[in-house]
Amino acid sequence: MSIEVFIKRDLGAFKLNIAFQSHSRRIGILGASGCGKSLTLKSIAGIEKPDEGRILIQGREVFNSSRRLNVKPQLRNVGYLFQNYALFPTMTVEQNIAAGLTGKKMQKVQRVGEMIERFRLNGLEKRLPSELSGGQQQRVALARILAYEPEVLLLDEPFSALDAYLKDRMQREFMDLLRSYPGIVILVSHNRDEVYRMSEELIVLDAGKIAGQGSTKQIFAAPGNVTAARLTGCKNITEVCRTDAGIYSEEWKMELPVFVDSESGIQAIGIRAHQFSMNKTGVDDPIVFPVLEPVVTEDLFEYNVSFKTSTEASGRVDWKVSKDTWKYGRDALPGRLYLNAADVLLLKKD
């Protein structure tokens, strides 16, 4: 099982230039709006034509600019789930599912019945899309795509329009429905939690270029560069220079006992806001952060504390702590926080 994408597209102000190959079954593409995520999916599906490059699905070439090969979308065996599901509004549930099927009538009827059962759509067969909930519409759209057994399923921000409660419930249901799907799933999203939950391999996309690729958990643990760190949710990023005692942040006016090789190319560090501890018990190699001039923002389940490490510092550090962990509220702020030196992300600048 494999996919290879080497494509370029020049749209004037925006240029897409990406190259990746993967043997993973679940791939996430993470990036901010306008970075080229949807354009990449549409190029794989055949909806958009790259200016140059090649695309291979399971070793089969579907696009090659040098050979003038551009396989039609309907012949690529790729399923594309749009953000709005793109159901036919005047067709019933069973008609929508049957829309992409070929073959004899009885075979189509049997296949539709199988998908109705698999996606728990019993009793909804005669309803129109307007008579369905958002979750039901999504299941119908997915059933329609998987009915013809595509080799690759492309998901374009499928949860972006949902509120937090519905999004969480539908993501769990979605993963359950896809558990038995043997093909490749590529999910594009600007939401780091979605790609972390749903992908085993992650591609970080920034301004039309790949800023990082690897195991999803490894990218989050060690993003490697400033862009990937920021897109994976790192709140505290600062430039550093090497010193005899480790590294120094001019922005925080703070020296950290973290040693980097002069040839490593490390020019910045990142610290995830939840990594700080209020005491050094259990912290193997603690770095002490003074908490000065704190500003507290209270959310439903956590406190967000912005603080300086020095009164002369130009930048602030963010700390996130759950209310279960810190039960004392905003009037009992600790005077210092502790960080395990191993949790400092060493980053190259873009």
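Throughout, residue positions are numbered sequentially from 1 according to the sequence presented.
Counting heavy atoms from C-beta on, the side chains of I27 and I3 come closer than 4.5 Å. No side-chain heavy atom of L346 sits under 4.5 Å from any side-chain heavy atom of S264. Looking at P257 and I287, their side chains come closer than 4.5 Å, going by heavy atoms from C-beta outward. Contact of the I269 side chain with the V258 side chain is not registered, since no non-hydrogen atoms from C-beta on lie closer than 4.5 Å. Residues Y80 and K42 are in side-chain contact: their nearest non-hydrogen atoms beyond the backbone lie under 4.5 Å apart. Proximity of I18 to I203: side-chain heavy atoms (C-beta onward) are nowhere separated by under 4.5 Å. Looking only at side-chain heavy atoms (C-beta outward), E250 and E239 stay at 4.5 Å or farther from each other. By the 4.5 Å heavy-atom criterion applied to side chains, L333 and V296 are counted as neighbours.
Summarising the local packing, CD of E117 is surrounded by 12 or fewer heavy atoms from other residues, nucleotides or ligands at distances under 6.0 Å. Within a 6.0 Å radius of NZ in K253, other residues, nucleotides and ligands contribute more than 12 heavy atoms.
Sequence neighbours left out, the pairs with a member in residues 79-102 that pass salt bridge (Lys or Arg N to Asp or Glu O under 4.0 Å) are E94-K126. For residues 60-69, the set of pairs meeting the salt bridge (Lys or Arg N to Asp or Glu O under 4.0 Å) definition, not counting sequence neighbours, comprises R54-E61, R60-E151, E61-R67.
The side chain to side chain donor-acceptor pair (under 3.5 Å) check on E251 picks up T238, with sequence neighbours excluded.
Closest heavy-atom contact between Y148 and G79: OH-CA, 3.5 Å. Across all their heavy atoms, V260 and I247 have their closest contact at CG2-CG2, 4.1 Å.
The closest side-chain donor-acceptor pair between R272 and T232 falls under 3.5 angstrom.
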